[in-house]
Novice: 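So that we are looking at the same thing, I have put the structure below in structure tokens.
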Amino acid sequence: MRLLSEEFPPITFTQNGVSKGLAVELVEEIQRRLGQQQQTIEFMPWSRAYREVQGPGQIALFTMARTPVREPLFKWVGPVVTFYSAIYAPAQGGLRLRSLEDAKRFESVLVVRDWFTAEELTTLGFKNLVPVSDPVTALRMLLAKRAPLFATERQSMPGIMAQAGLPESSLEAVYTYASSQGYIAFSKDTPDALVKAWAQQLEAMKRDGSFAAIYKRWLPNDQPPMGR
């Protein structure tokens with residue numbers, strides 16, 4: 001089985017060629033408990049990984065927000081993380097949004113192609129979305145004033161800004177809204193028995209405290225999703 005992910009610190013990322021992050025540790029521990037050989041995780045842009053996991057073969061992509069649109073496309077194990085969304089603008093611009101409706105009135109809102117945020121805002125009737133290939137590109141476009149807003153997932157922003165060589169003080173969240181939960185998404189070709197085995201090991205980790213310990217190491221201020 002292929003394992004796919006993206007640069008999405010602190011959930012999944014590479015550092016000096018080594019895979020790291022909350023979900024990486026969870027996946028490696030599940031493989032260890034199942035006696036499976038540790039596999040190299042393939043990191044790629046999200047839009048490519050999202051296409052790959054819908055193709056033939058046994059493939060797992062993590063982490064993916066579970067939505068009604070995506071529900072029938074994959075087999076799911078989780079949740080493994082809770083996502084929080086926010087809309088960002090350049091710092092010290094004095095901008096504040098009171099609702100998502102306010103964001104609809106702007107000329108454009110940057111989103112990362114095929115991310116949950118883009119799908120969600122499209123469903124909510126946004127007509128001004130500008131999709132880009134990755135979050136670093138979106139950050140640079142935002143700070144170059146090529147767009148006034150960037151809608152994205154909040155937890156990954158510090159790490160993404162560090163990757164882009166930008167200080168956190170250069171941006172501010174002007175509106176924070178609903179959350180979603182992230183899962184390990186398996187291709188339809190992945191055997192049900194294998195998906196079930198992964199789910200059982202994750203449930204065992206939630207019972208024995210190892211899941212919470214890993215979660216708190218990476219996201220010390222957030223509550224881990226303990227449900228199914």
Side-chain angles (χ1 to χ4, degrees), residues 1-31 38-55 57-67 69-70 73-86 88 110-122 129-142 150-166 171 179-187 190 198 202 214-215 218-219 222 225:
M1 184 173 62
R2 296 172 64 199
L3 301 179
L4 310 184
S5 196
E6 63 171 335
E7 296 288 346
F8 192 67
I11 314 302
T12 54
F13 64 102
T14 55
Q15 188 174 72
N16 299 322
V18 179
S19 302
K20 292 182 176 293
L22 187 159
V24 170
E25 283 198 25
L26 293 175
V27 165
E28 289 178 345
E29 178 60 14
I30 289 171
Q31 288 186 297
Q38 295 289 325
Q39 298 165 260
T40 300
I41 300 169
E42 300 175 52
F43 283 80
M44 60 185 68
W46 178 260
S47 57
R48 178 186 164 198
Y50 188 70
R51 289 194 304 270
E52 293 265 339
V53 75
Q54 294 180 70
Q58 299 180 35
I59 307 170
L61 170 59
F62 55 96
T63 54
M64 184 189 295
R66 189 172 183 174
T67 69
V69 172
R70 294 171 174 176
L73 302 178
F74 308 104
K75 301 176 182 181
W76 303 89
V77 170
V80 297
V81 65
T82 299
F83 296 132
Y84 298 93
S85 300
Y88 290 86
L110 296 166
V111 291
V112 179
R113 186 177 291 108
D114 292 326
W115 271 20
F116 164 71
T117 313
E119 180 183 300
E120 178 186 37
L121 296 184
T122 299
L129 301 180
V130 177
V132 297
S133 61
D134 60 81
V136 172
T137 298
L139 285 175
R140 291 175 175 155
M141 289 176 66
L142 183 68
F150 174 31
T152 187
E153 192 279 328
R154 191 185 71 199
Q155 288 161 309
S156 62
M157 282 298 285
I160 290 170
M161 293 189 74
Q163 284 185 344
L166 299 170
L171 290 186
S179 64
S180 61
Q181 291 188 317
Y183 286 69
I184 304 168
F186 292 83
S187 62
T190 306
W198 277 56
L202 179 62
I214 292 171
Y215 203 92
W218 291 99
L219 296 172
D222 291 354

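Since this is a predicted model, take the numbers as computed values, not measurements.
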Novice: With heavy-atom distances below 4.5 Å as the criterion, would you say the side chains of Thr137 and Val112 are in contact?
Specialist: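 They are not in side-chain contact.
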Novice: Any idea which heavy atoms bring Pro131 and Arg113 closest together, and the distance?
Specialist: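 Answer, listing the atom of Pro131 first, then Arg113: O-NH2, 3.5 Å.
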Novice: Quick check for you: to the nearest 0.5 Å, what is the distance between Arg51 atom CZ and Leu4 atom CG?
Specialist: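 If I round to the nearest 0.5 Å, the distance is 12.0 Å.
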Novice: So, for Met64 and Ala185, which heavy atoms are closest and what is the spacing to 0.1 Å?
Specialist: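 In this case the closest contact between Met64 and Ala185 is CE-CB, 3.7 Å.
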Novice: Side chain to side chain contact (heavy atoms under 4.5 Å, CB included) for Trp115 and Phe83? Distances and angles first, verdict last.
Specialist: CA-CA 12 Å; Trp115 271 20; Phe83 296 132; over 6 Å; no
Novice: If you take all heavy atoms of Ala23 and Thr63, which pair is closest and at what distance?
Specialist: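 Between these two residues, the closest heavy atoms are CB-CG2, 3.6 Å.
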Novice: How long is the straight-line distance from CD of Glu29 back to CG of Leu26, given to the nearest 0.5 Å?
Specialist: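 Reported value, rounded in 0.5 Å steps: 8.5 Å.
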Novice: Which value, rounded to the nearest 0.5 Å, describes the distance between Glu52 atom CD and Met44 atom CE?
Specialist: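 The distance works out to 5.0 Å.
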Novice: To the nearest 0.5 Å, what is the distance between CD (Glu6) and OG (Ser47)?
Specialist: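 Glu6 atom CD to Ser47 atom OG measures 9.5 Å (nearest 0.5 Å).
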Novice: So, do Leu73 and Tyr50 sit near enough that their side-chain heavy atoms are less than 4.5 Å apart?
Specialist: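 Result yes, sub-4.5 Å side-chain heavy-atom pair found.
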Novice: Would you say the side-chain atoms of Arg2 pair up with the backbone N or O of Glu42, donor to acceptor, closer than 3.5 Å?
Specialist: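 Such a contact is absent between Arg2 side chain and Glu42 backbone.
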Novice: Can you name the side-chain contact (heavy atoms from CB on, under 4.5 Å) partners of Arg140, sequence neighbours left out?
Specialist: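 Arg140 satisfies side-chain contact (heavy atoms from CB on, under 4.5 Å) with Val136, Ala164 only.
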Novice: Are side-chain heavy atoms of Leu22 and Phe62 found at a separation under 4.5 Å?
Specialist: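 A side-chain contact is absent here, since even the closest heavy-atom pair is not under 4.5 Å.
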Novice: Determine, step by step, whether Tyr215 and Val80 satisfy the side chain to side chain contact (heavy atoms under 4.5 Å, CB included) criterion, reporting the C-alpha distance in whole Å, the side-chain angles of both residues, the deciding distance to 0.1 Å, and the verdict.
Specialist: CA-CA 9 Å; Tyr215 203 92; Val80 297; over 6 Å; no
Novice: Would you call the rings of Tyr183 and Trp76 parallel, tilted or perpendicular, taking 30° and 60° as the class edges?
Specialist: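 Ring orientation of Tyr183 relative to Trp76: perpendicular.
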Novice: Can you check side chain to side chain contact (heavy atoms under 4.5 Å, CB included) on Ser180 and Arg66, steps first, answer last?
Specialist: CA-CA 7 Å; Ser180 61; Arg66 189 172 183 174; over 6 Å; no
Novice: Let's go through Ile30 and Leu202 carefully: what are the C-alpha distance in whole Å and the side-chain angles of both, what is the deciding distance for side chain to side chain contact (heavy atoms under 4.5 Å, CB included) to 0.1 Å, and is it a yes or a no?
Specialist: CA-CA 7 Å; Ile30 289 171; Leu202 179 62; 4.2 Å; yes
Novice: Is a donor on one side and an acceptor on the other found under 3.5 Å between the side chain of Trp46 and the backbone of Asp114?
Specialist: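 Flag set: sc Trp46 to bb Asp114 pair under 3.5 Å.
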Novice: Please name all residues satisfying ring pair (Phe, Tyr, Trp, His ring centres under 6.0 Å) with Phe116, sequence neighbours left out, ordered by chain then number.
Specialist: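 Partners of Phe116 under the ring pair (Phe, Tyr, Trp, His ring centres under 6.0 Å) test: none.
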Novice: Applying the side chain to side chain contact (heavy atoms under 4.5 Å, CB included) test to Leu61, which of Leu3, Val53, Ile184 qualifies?
Specialist: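 Exactly one pass, corresponding to Val53.
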Novice: Could you give all pairs that pass the side chain to side chain donor-acceptor pair (under 3.5 Å) test and reach residues 8-23, with sequence neighbours left out?
Specialist: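 For residues 8-23, and leaving out neighbouring residues, the side chain to side chain donor-acceptor pair (under 3.5 Å) pairs sorted by first residue read Ser5-Thr12, Glu7-Thr14.
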Novice: Phe186: what forms a ring pair (Phe, Tyr, Trp, His ring centres under 6.0 Å) with it, not counting sequence neighbours?
Specialist: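 Phe186 satisfies ring pair (Phe, Tyr, Trp, His ring centres under 6.0 Å) with Trp198 once adjacent residues are dropped.
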Novice: What heavy-atom pair brings Leu129 and Ala118 nearest, and what distance separates the two atoms?
Specialist: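 Smallest interatomic distance, heavy atoms only, reads CD1-O, 3.8 Å.
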Novice: Under the salt bridge (Lys or Arg N to Asp or Glu O under 4.0 Å) definition, can you give me all pairs with a residue in residues 156-165, not counting sequence neighbours?
Specialist: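 Pairs touching residues 156-165 that pass the test: none.
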Novice: Please tabulate, for the side chains in residues 152-160, all donor-acceptor contacts under 3.5 angstrom to protein atoms that are two or more places apart in sequence or on a different chain.
Specialist:
residue : atom : partner : partner atom : Å
Glu153  : OE1  : Gln155  : N            : 3.2
Glu153  : OE1  : Ser156  : N            : 2.9
Glu153  : OE1  : Ser156  : OG           : 3.0
Glu153  : OE2  : Gln155  : N            : 3.0
Gln155  : NE2  : Thr82   : O            : 3.2
Gln155  : NE2  : Asp222  : OD2          : 2.5
Ser156  : OG   : Glu153  : O            : 3.4

